[in-house]
Amino acid sequence: MSEYSVRIDEKWQRRWEESGLYRFDPESVDDKLYVLSMFSYPSGAKLHVGHWYNFGLTDSWARMKRMQGYEVFEPMGFDAFGLPAENYAIQTGIHPRESTWANIHTMRQQLRAMGAMFDWDYEVVTCDPDYYRWTQWLFLALYRAGLAYRAEAPVNWCPDCQTVLANEQVVDGICERCDHPVVHRNMTQWFFRITAYADRLLEGLDSLEWPERTKEMQRNWIGRSEGARIRFPVPERDAAIEVFTTRADTLFGANYLVLAPEHPLVDSMTSGDRRGAVRDYVERAGRKSEIERTSLDREKTGVFTGGYAEHPLTGERVPIWVADYVILSYGTGAVMAVPGHDERDHEFSRTHDLPIPRVIESPDGSPAPLPHTEDGVLVNSGTFDGMDSASAREAIAQSLADAGLGEPTVSYRLRDWLVSRQRYWGAPIPMIHCDTCGAVPVPEDDLPVLLPDEVDYAPRGKAPLASAPDFVRTVCPACNGPASRDVDTLDTFVDSSWYFLRYPDNENVTEPFDRDWIDRMLPVDQYVGGVEHAVMHLLYARFINMVLYDLGYVGFPEPFRSLTHQGMILGPDGRRMSKSRGNVVSPDDYITDHGSDVFRMYLAFGFNYIEGGAWEDDGIRATARFVDRVRRWVDALASGDMELGTGGDPDADAELAFVEHTAIKRVTEDAEGFRFNTCIARLMELTNALYRYESEVSPDRRNADGVHSATRTLLSLMAPFAPHFSEEMWERLGWEFSIFNHPWPEADEDKMVLDTVEIAVQVNGRLRGTVEVAAGASEEEIEAIARDNPRVATYLTDGVRRVIVVPGKLVNFVV
RNA sequence: GCCGAGGUGGCGGAAUUGGUCUACGCGUGCGACUCAAAAUCGUAUGGGGCAACCCCCCUUGUGGGUUCGAGUCCCACCCUCGGCACCA
């Protein structure tokens, strides 16, 4: 009979579609299992290996779950707004809407050819007005809750993309999208108040079944640190400079203050004679790019303002400096400099010849060299001398609080989420600007604010929508006066921060989703996607979900119960695949040659799923060989070429059953934990066992029931990884459609016990032989048999001091 | 610098709570089938020693330790990858 090929793929894809096999049944919602792969951007290129690795193997996981009786919900959609379509439009003149929908169309076809269980009835496309209407609704919900606000702030501007970026999209001062350096600009922009959720986003992590490293990344990103706010009065200006510190215990060593160049008090602290120098410095700092300002190895620059503050505890005069090693957006934008116990302040003081007092000694009383940044014992700190750092932090905070000059506080690295973008291909921000009423939300009934087609989307540093007068011109919903629409569009991460809520109720036209229904369908039971979204998408989505929870729209605070990251498949050269390197592996060629199941199965077999690795052509050939080996077996069985009797060779039968049931147990466990490579290894072992049985047992003694059972098990266990192939083999054996409607096999523990087991015999922990003993043998019996082993016996002539027996495993003689 | 993950054959990768290191596969050697090759099947395969073996020694990044027994636990160090980083 014919070999497995892409024609068989097509045959079964048709059957599945015609029979509606994978259609989600809402009636069975009580058994639902929501399995989600991160949806992708519809690029013009074909599906790449990464898509297959993510979607294909997540689908395999879901298929096993289906066979185990779950009503699997496995939707797919497209994160369709975004820059690539727009950049493509700028180059070619083809409208983003046109190219995007064309790409979606081809990508759907390719995803179908993958043979996954996606239920397209629940598809979601973020650039569809039926979807972004609710993205805009979400914006308004946050606005009403006081969680969306407009503010002027220094923001990250990418000169190449001609738009602002969220902090998360700037990596080491470089635009995450286009690799160009990012600069700072002062702009009025929309923000989501994610910082208000910092603590809850942190605490929520503990309850999640997520990879520890991902949780750790989010913790790092949120960057919580406990400390104190301390105010240094400036009597001459009738003001105070507030600093944030985690080291209140070093307060007596603070002998100057440093303001960030953009700090609002810089001007008023500056004395007349210093004005020119300060202004100069601030201006130069403002022109520096993000990378220049954050590079660690450059010399610490700064300038004295001429102003002085008062030390809150000693009353001493403390000079005020401006330096760009202090960042406006963290803490209070000002620090107390403690050159004796902080490396940065130390360096700054040395550069500018400032005194470096010691206020902390090592716990043993020895004066460790400065800067000494560890905790220790206080000295030169007035009444606090002799206290250890930890108690001093509390005591000093208390006396500051008594004086009204400070209080304990918590600072976060996390900043509010900047959501405006000066680009075209995104959801318009549903706000209207009125000269009399200010910023006014678009009434919900007027949603969606449609993205106009006729727009000059060439980037010119301002929002493309500003070039569409019919779009901009409108009336104020509050006063009916003339007004203009907000011309920015939303960060595409807003689109993807709630799509998983829309899937189960994607056709709802009256609300984004029905609360009761969504509470039954979510949280997502298993989410799978790349680790590159660890902060950004996964943090934003948690935030949005938590906000909706607080506002009563959903009944669960966390959207993704369990999360797995697939690794990355690298080119054959072990480097990241890229067109410029010419090391891109295109799935299509392999699928044409071998069929989609061989491709999927190689991805399962060749790598540790979590780690990924380099592509190897030999690996896919090996997988094709294995699949054909199974095919030959099935064909021999189906055609009657293989003679079978009614039994028995008890040993061979038991051995075959042993392999069969061990395979069931281990494939079930390993697939559950995304250890697909060992699953395939077990399938190969079972296949090897079948062939061995055939070659070792004479035809009249072969047990037909045992062979059929093992074959049936093999195909069932293989089905999640090779769905088309397994259906085909199942059919050839005359078994009922569909293999996926048959239950997942269950391991019989009784069959996983052999009559005899091999025991390792060690002498002083070194392996000196193995012996066969009956499975239930007692410790004494095992020891006796081990002693009888001639090779072992030669080591025992000097007498045995101790014997350790681990039943079923080993014997160790200590001599 | 801080935090996290990891270092196992020629290669991809396996190893329950400490219990026969290297499953499964690739590659390679030998053999079968064939006129021959491919495909397929069988068989061997961690490294070294020995004329040879059912023999001995060594081996999970390095060095110590705990234990009858360590890839696994402890200490110190080296290297790789990822995250954070002038964050006060």
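What you see is a predicted model, and the numbers here were worked out from it, not measured in a lab. Every chain is numbered from 1 and lettered A, B, ... according to where its sequence line falls, protein lines coming before strand lines.
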Discussion item. Salt bridge check, E212(A) against R219(A): does any charged N sit closer than 4.0 Å to a carboxylate O?
Written reply: yes

Item to complete: Output yes when D345(A) and K300(A) qualify as a salt bridge under the 4.0 Å nitrogen-oxygen rule, no when they do not.
Response: no

Worksheet item: Along nucleotides 19-27 of chain B, 5' to 3', which nucleotides get a B, which get an S, and which get a -, given that the test is a protein heavy-atom distance under 4.0 Å?
Response: BB--BBSSS

Worksheet item: Do the charged groups of D618(A) and R621(A) touch, with an N to O distance under 4.0 Å?
Response: yes

Item to complete: Heavy atoms under 4.0 Å is the rule here; annotate nucleotides 55-61 of chain B 5' to 3' with B where the base is hit, S where only the sugar-phosphate is, and - elsewhere.
Response: SSSS---

Worksheet item: Rounded to the nearest Å, what distance is computed from the CZ atom of residue F626(A) to the P atom of nucleotide U40(B)?
Response: 14 Å

Fill in: Partner set under side-chain contact (heavy atoms from CB on, under 4.5 Å) for R575(A), not counting sequence neighbours
D573(A), R581(A), N583(A)

Discussion item. Salt bridge or not between R625(A) and D628(A)? Use side-chain N to carboxylate O under 4.0 Å.
Written reply: no

Practice prompt. Select base, sugar-phosphate, or nothing to describe what V535(A) touches, counting heavy atoms under 4.0 Å on all strands.
Written response: nothing

Worksheet item: Could you state the CH2-P distance from W633(A) to C41(B), rounded to the nearest angstrom?
Response: 13 Å

Worksheet item: Under 4.0 angstrom, heavy atoms only, what part of the nucleic acid is R801(A) near: base, sugar-phosphate, or nothing?
Response: nothing

Item to complete: Look at all strands and tell whether S225(A) reaches a base, only sugar-phosphate, or nothing, counting heavy atoms closer than 4.0 Å.
Response: sugar-phosphate

